[in-house]
Amino acid sequence: MNRATPEILKHYFDTVAKADANFSYRGPFLDQFTEVILEVASSAGNAFEIERSIQRKMSFILVESFQNILKHASIEEENQVDNGLFSFRLVDRSFIINSINFITKKDSEQLCRMIEVVNEHNRNKTIKEFYMQHLQNNELSEKGGAGLGLIELARKSGSIILYEMEEAQDCVVFHQQITMRNEDGEVDDIGNYIKANKIRYEELKRDGVFLSFSGEVSQKNLLPLLSLVESNAMAGHKNKFKARKAGHALIEVMQNISRYAKSKDTGGPVVGYLNVGLAEEKIFIIAGNTIDKKEKYALNEKLDQLTQLSEQALSELHQEVMKKSIHDDEKLRSGLGLIEVLRSSSQKVDYGFYPTISEEELFSMLITV
Amino acid sequence: MNLNDLNISATEETPEVLLSASSGKSFLKGRSLPENAFEFYRPIIAWAKNYVEHNGVGLEVTLSFDYLNSSSSRFLFEMLHALDQSENSASYVVRWQTDPEDELMIEKGEELQRLLRMKIEIV
């Protein structure tokens, strides 16, 4: 049953409110997504003006962590429901990368030993020597690289690798956190997100959400997110044109957030919230942004009117707005975007407004394709 | 006709464009999803207006999109509307090239047709 509701965004909003950016992807993990995740992270780094040196290291760590999941994913079953979770957040100008994946018991024992050794070297500030030594010995495991990737992760992040191994029925659930601190911050200040990540993973699974993003909504991260949504929609629909319909809805939703959130331009990045899931072979998008309380009534009224319209009436309204646009000097905001968002949904669009602790109201909208 | 060809390479978010008065064969092809499509479509609209002002005859435009966002639809319509105003519009051929299974793009082609006098061939 499709459990998606606009309220989901409110709940997620409360859990990510402290982060400048938050990205969670619940698989499937494919090599082609490495670039996608990197682009989303770089875009977050640029939006919040993170130092280049940190961004470079962050890119390396992201790629290495993601590739490690791909390399060590031992549980590869057909139609596997659980893929694990790959997430990163930007908090106080520090990047925190958390992952959850499934490994064999044998691998988990080896991995535990390796992490303990690496962490010990990091505490003793001998990680560089250990890396060189390891490189010379050139020991290779069956899956390529005797933990060289892990040593590099620890070395580049300069932080202790946090982890937890959880015994499951026929495998071990491996929880990991790599922290890339900002130049002034202390690693210990950042905190351990492993527990929060576990909860997040369970919530995303429960809600059928495979992608959850909060942060700057811009054209730069639209393209990688589009490719992620298209691939997942393709896997769900098995039809590229239906997958593109989901992509089309995503484009309109994100551009609509970007366009209207800009109206209260404060000079900072335009922040939005996006959750995409698959239920009953339909893609759903729960997206929104914060708005001034005084804007709520106008938007609510407009949506109340628009969502009452039949498919035919919306199409006629679309034609009317298009005709008028020829003589309109307003090149950015014609109102077509919102109509297009509503038209892209195969079910009546559901939406809600929720108070936040600040003077703003959280607007959330559910679109089903 | 003394009107330069307009040739624009495709990017990840904008289509490949060739508008040619000399050969008469023109096309827009690919993805069109810029946030504000006005900047991208401005030279395209200007070219179409110029073509009409020069009394261009027999233009064939093939339009083929994977994605066409609402902002692009709006300015693509402005370009087609400019051609539609020409006395020679009956001599123009606009082909909307799409896959028969692509319901969304077929619908977009039909919507543009309803806004114009000249015929759009959905192929």
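Letters A, B, ... are given to chains in the order of the sequence lines, protein chains preceding strands, and every chain is numbered from 1.
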Side chain, backbone, both or neither of A:Glu320 within contact of chain B (heavy atoms, under 4.5 Å):
neither
Name all residues meeting the ring-ring contact (aromatic ring centres under 6.0 Å, His included) criterion together with A:Phe66; count only those two or more places apart in sequence or in a different chain, and write none if there are none.
A:Phe29, A:Phe86
Exactly one of B:Asn50, B:Leu28, B:Asn7, B:Asn4 clears side chain to side chain contact (heavy atoms under 4.5 Å, CB included) with B:Leu19, and that residue is B:Leu28
Is B:Glu107 close to chain A through its backbone or its side chain, or both, or neither, when contacts mean heavy atoms under 4.5 Å?
side chain
Identify which of A:Glu252, A:Met254, A:His318 forms the greatest number of heavy-atom pairs closer than 4.5 Å to chain B.
A:Glu252
Would you mind checking if B:Glu60 and B:Arg95 are paired as a salt bridge, meaning a charged N to carboxylate O distance below 4.0 Å?
yes
Side chain to side chain contact (heavy atoms under 4.5 Å, CB included) test vs B:Leu59 passes for just one of B:Ser89, B:Ser91, B:Ser26, namely B:Ser26
At a 4.5 Å cut-off on heavy atoms, which part of A:Ser315 comes close to chain B: side chain, backbone, both, or neither?
side chain
Flag if over 12 foreign heavy atoms under 6.0 Å of NZ, A:Lys296
yes
Show your working on side-chain hydrogen bond (donor to acceptor under 3.5 Å, both in side chains) between A:Asn46 and A:Glu216 and close with a plain yes or no.
CA-CA 10 Å; A:Asn46 291 335; A:Glu216 188 197 33; over 6 Å; no
Between chain B and each of A:Lys245, A:Gln319, A:Glu340, count heavy-atom pairs under 4.5 Å; write down the option with the most.
A:Gln319
Tell me if the CD atom of B:Glu103 is crowded by more than 12 foreign heavy atoms within 6.0 Å.
no
For B:Asn88 and B:Gly56, indicate whether the former's side chain and the latter's backbone hold a donor-acceptor pair under 3.5 Å.
yes
If you check every heavy atom in residues 220-227 of chain A against those of chain B, which residues fall under 4.5 Å?
A:Leu222, A:Leu223, A:Leu226
